[in-house]
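Quick notes on the structure that follows.
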Amino acid sequence: GDNFNLLSPQQQDLVKTLLDNGQSHLFNNWPAPGVDDAEKKAFFDQLVLLDSSYPGGLVAYIKNAKRLLADSKAGTNPFDGFTPSVPTGETLAFGDENFIKFEEAGVREAKRAAFVLVAGGLGERLGYNGIKVALPAETTTGTCFLQHYIESILALQEASSEGESKAQIPFVIMTSDDTHGRTLELLESNSYFGMKSTQVTLLKQEKVACLDDNDARLALDPKNRYRIQTKPHGHGDVHSLLHSSGILKVWHDAGLKWVLFFQDTNGLLFKAIPSALGVSSTKQYQVNSLAVPRKAKEAIGGITRLTHSDGRSMVINVEYNQLDPLLRASGYPDGDVNSETGFSPFPGNINQLILELGPYMEELAKTGGAIQEFVNPKYKDASKTAFKSSTRLECMMQDYPKTLPPTARVGFTVMETWFAYAPVKNNAEDAAKVPKGNPYHSATSGEMAIYRANSIILKKAGFQVPDPVLQVFNGQEVEVWPRVTWKPKWGLTFSLIKSKVSGNCSISQRSTLAIKGQKVFIENLSLDGALIIESANDAEVNVGGSVQNKGWTIEPVDYKDSSEPEVLRIRGFKFNKVEQVEEKYSEPGKFQFKKA
Ligand code: UGB
């Protein structure tokens, strides 16, 4: 009606198409112009935003929703015609000859890589109040995930361009309204953790409209008739955002070749990055997904070969909630169960993707970055005609290969879990309920996994390291190894670590070793207690001798104890810093640290 005059011509067009597509309810019983005009304007602004942030606009969204909702109502099997089987991929064992060869190739390639972190999720399963990338990956040094990621990228950058002009590895972070402000603040208040601010690009994903019914009528916000209700569309948005931002072309023009995608809370990931990138370049994979052995029913997707009755075949992630029904429907009557190896025969997707930039751009030019979507409505009853609450379309970044031609080189690389995957996703209560033998994916297990990996790596490099002890924190039994941490620039690759460890070295189970410097060489060190070595980049420090002190003890923290900070409560322990040796070398030069 008369409210139309409030609109710009662009908005008028949009409203007309919405009316043509079954959305007249949005404007029902609007008061005459003059009443609520500012709110009405805000409503149209929101429509324009929703329209511009979806490939093909709101009309495409509504059409896709109608189709997917009809399929869901009819119970159409998304895998109809496909038979699942176990695919074969590259398998890497940390530290062997093959691994070292791939690491070297990966470090060389890194100067032609760009990194993309998807960090728009709120982490509802974890229930932490802050953004997840601000959580300490471990509390020995208190380094948060974002700092660890940035320092790892910088270490790769440094190692990759040694002797040549310094390439700057671009770093994109996908945020959402839930995480954007706090991510920016974390970066700015920490000088971007040493990265150039121009190297970092934040791309914010928008939410998508909720849907009220099978006719894909957009849902109005129950609290405000002049707003559409919205919800997250999923990590798959990263592709359309990269496409529409134009940044891929900038990278391509600068000679880059690889885009590496990763998630918000995996403190081990960068131990797997150099070798995985080496696999991509050596095998010329257009798509390389990182995987780990998967426990049946673990909340990670399964990498599966799907072969269609018409002969088509692809290797793709089948999400954890779909794997069991798919298997049951295709001749595996027991569904998602472990084989005699104790693991699911399907490798677990850790959602770390390495894409070759050129073919990626070509594909996005065709699709606009649109990723195959799904809808998961909660129906009121078996007639499937009404929803319990509004729903929306969703998409996942690992579904990118679904539109690729069968000739595309799509591979995957299976890593041992201990050095590649330890996400922080579950709150203490849920983690304690995880079936015995399955990983907890909690702050407790995430931190302990870092010490475990570092201890095992030191052992492989020649250290004497005792067996861990088992302890229970927040109801979760975990292996407690010596608390070993190092800066990524100290231990970027296994060869680098080996070059810094020599002689007869040992560390006791109750010890803490924090290496906060690059050129720290450890020779004939016997550590029983806590030792922290910090050094500037132009200081070379040789560390040896026998260090013994009371060290840092571990004290349990109850997650219900509100007198403790949340970051400690969610992991269930804290360190009591009784006694330590702490050495700091801030001047250039050669130094010797040796306790008699
Ligand atoms: N994320 C966004 O950036 N935007 C969003 O809208 C949603 C999420 P979750 P999920 O490797 O551990 C994935 O919630 O989705 C970011 C894979 O789908 O942690 O349940 C978010 O910030 C699954 O196949 O995980 O499961 C986070 O960084 C499996 O491999 C990331 O997306 C599993 O991860 C993942 O979000 C895994």
Side-chain angles (χ1 to χ4, degrees), residues 53-54 115-128 130-135 137 145-146 149 172-180 182-183 202-208 230-242 260-269 272 289-295 297-304 316-323 336 344 346-353 371-374 376 392-402 412 414-415 417 420-427 430 434 438-443 445-446 449:
S53 52
Y54 185 83
F115 283 83
V116 179
L117 166 64
V118 290
L122 253 187
E124 276 155 346
R125 283 189 271 158
L126 183 65
Y128 172 59
I131 51 169
K132 290 176 79 184
V133 291
L135 269 177
F145 283 104
L146 189 55
Y149 293 151
V172 165
I173 307 174
M174 181 171 80
T175 58
S176 68
D177 279 321
D178 297 327
T179 63
H180 187 84
R182 285 176 289 177
T183 307
L202 267 54
L203 296 177
K204 184 162 76 77
Q205 65 176 144
E206 295 299 336
K207 293 184 175 163
V208 287
T230 59
K231 282 186 184 164
H233 188 225
H235 34 71
D237 281 347
V238 72
H239 302 295
S240 64
L241 274 175
L242 286 172
L260 291 92
F261 296 83
F262 64 108
Q263 302 196 146
D264 49 18
T265 59
N266 183 4
L268 297 182
L269 178 70
S289 315
L290 296 207
V292 296
R294 176 179 182 276
K295 284 282 183 184
K297 315 220 160 49
E298 191 178 341
I300 65 179
I303 307 238
T304 309
I316 193 80
N317 175 70
V318 175
E319 198 59 340
Y320 43 89
N321 57 337
Q322 296 189 311
L323 189 61
D336 180 14
S344 158
F346 297 91
N349 164 48
I350 64 170
N351 241 15
Q352 156 70 49
L353 308 176
I371 296 299
Q372 219 181 72
E373 295 167 297
F374 60 95
N376 194 7
R392 87 298 196 171
L393 303 190
E394 296 176 72
C395 64
M396 304 189 291
M397 71 169 166
Q398 66 271 34
D399 280 342
Y400 162 73
K402 283 191 173 167
F412 65 97
V414 183
M415 308 273 185
T417 307
Y421 187 59
V424 177
K425 299 202 183 204
N426 289 329
N427 62 57
D430 292 341
V434 160
N438 274 26
Y440 299 116
H441 297 174
S442 67
S445 61

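Along the sequence shown, the residues carry numbers beginning at 1. Please read all numbers here as calculations on a predicted model, not as lab measurements. Ligands are counted one by one from 1 in listed order, and the atoms in each one are counted from 1 as well.
- In the candidate list L117, V118, T179, V118 is nearest to atom 16 (C) of ligand 1, counting heavy atoms.
- Taking only nitrogen or oxygen atoms, main chain and side chain alike, H233 does not reach within less than 3.5 Å of ligand 1.
- In terms of polar-atom proximity, defined here as any N/O pair under 3.5 Å, P423 makes no such contact with ligand 1.
- From the protein, the heavy atom lying nearest to atom 35 (C) of ligand 1 is Q263 OE1, 3.2 Å.
- The option from E319, M396, R294 that lies nearest to atom 26 (O) of ligand 1, judged by heavy atoms, is E319.
- Closest of all the heavy-atom pairs between R294 and I300 is NE-O, 2.8 Å.
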Worksheet item: Where do F115 and Y149 land on the ring pair (Phe, Tyr, Trp, His ring centres under 6.0 Å) test, with the steps shown first?
Response: CA-CA 10 Å; F115 283 83; Y149 293 151; 9.6 Å; no
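- Looking only at atom types and distance, the side chain of E298 has no donor-acceptor partner in the side chain of N438 under 3.5 Å away.
- Of the protein's non-hydrogen atoms, the one nearest atom 20 (O) of ligand 1 is Y320 OH, 2.6 Å.
- Distances from ligand 1 to the non-hydrogen atoms of A119 include at least one value under 4.0 Å.
- For D264 (side chain) and V118 (main-chain N/O), no donor-acceptor pair under 3.5 Å exists by modelled atom type.
- Only the side chain of P232 comes within 4.0 Å of ligand 1, judged by heavy-atom distances.
- Contact analysis leaves F262 out of contact with ligand 1, as no non-hydrogen atom separation drops below 4.0 angstrom.
- Of all the listed residues (N349, V208, V318, N351), N349 holds the heavy atom that lies closest to atom 30 (O) of ligand 1.
- Remark: of the listed residues K204, K231, K207, K207 is the sole one forming a salt bridge (charged side-chain N to carboxylate O under 4.0 Å, His left out) with D178.
- The heavy-atom pair separating R392 from V208 by the smallest distance is CG-CG2, 3.7 Å.
- Considering only residues two or more places apart in sequence or on other chains, P423 meets the side-chain contact (heavy atoms from CB on, under 4.5 Å) condition with T265, Y421, K425, H441.
- Under the 3.5 Å distance criterion, the side-chain polar atoms of K132 are left unmatched by any main-chain donor or acceptor of F145.
- In this structure N321 satisfies the side-chain contact (heavy atoms from CB on, under 4.5 Å) test together with E319, sequence neighbours excluded.
- Residue contact check: G301 has heavy atoms under 4.0 Å from atoms 23 (C), 24 (O), 29 (C), 30 (O) of ligand 1.
- In terms of protein heavy atoms, atom 36 (O) of ligand 1 is closest to H235 CD2, 3.8 Å.
- Contacts between M397 and ligand 1, counted as non-hydrogen atom pairs separated by less than 4.0 Å, are absent for every part of the residue.
- Checking side-chain atoms of Q372 against main-chain N and O of Y400 turns up no donor-acceptor pair under 3.5 Å.
- Here is the list of ligand 1 atoms found below 4.0 Å of a heavy atom in D264: 21 (C), 22 (O), 27 (C), 28 (O).
- Every atom of ligand 1 with a heavy atom of Q398 under 4.0 Å away is listed here by number and element: 17 (C), 18 (O), 23 (C), 24 (O).
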Practice prompt. Test F374 against M396 for side chain to side chain contact (heavy atoms under 4.5 Å, CB included), laying out the working first.
Written response: CA-CA 9 Å; F374 60 95; M396 304 189 291; 3.7 Å; yes
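- Ligand 1 is never approached by S176 to a heavy-atom distance shorter than 4.0 Å.
- Nearest-heavy-atom check against atom 33 (C) of ligand 1 across H441, R125, K425 picks out K425.
- Of the listed options G121, A299, G348, G121 places a heavy atom closest to atom 2 (C) of ligand 1.
- In this structure, the protein non-hydrogen atom closest to atom 12 (O) of ligand 1 is Y421 OH, 2.2 Å.
- Atoms of ligand 1 found under 4.0 Å from any heavy atom of I350 (numbered from 1 in listed order, with element): 11 (O).
- Annotation for E206 and D177: closest pair OE1-OD2, 3.9 Å, computed over non-hydrogen atoms.
- The closest donor-acceptor contact from the side chain of D336 to the backbone of K297 lies under 3.5 Å.
- Scanning all heavy atoms of the two residues, the minimum distance from I173 to A119 falls at CG2-CB, 4.1 Å.
- At the shortest separation from atom 3 (O) of ligand 1 among protein heavy atoms lies G120 N, 2.8 Å.
- Those atoms of ligand 1 that come under 4.0 Å of a heavy atom in N317, given as number and element, are 24 (O).
- The Q205 neighbourhood of ligand 1 comprises atoms 2 (C), 3 (O), 4 (N), 5 (C), 6 (O), with distances under 4.0 Å to a heavy atom of that residue.
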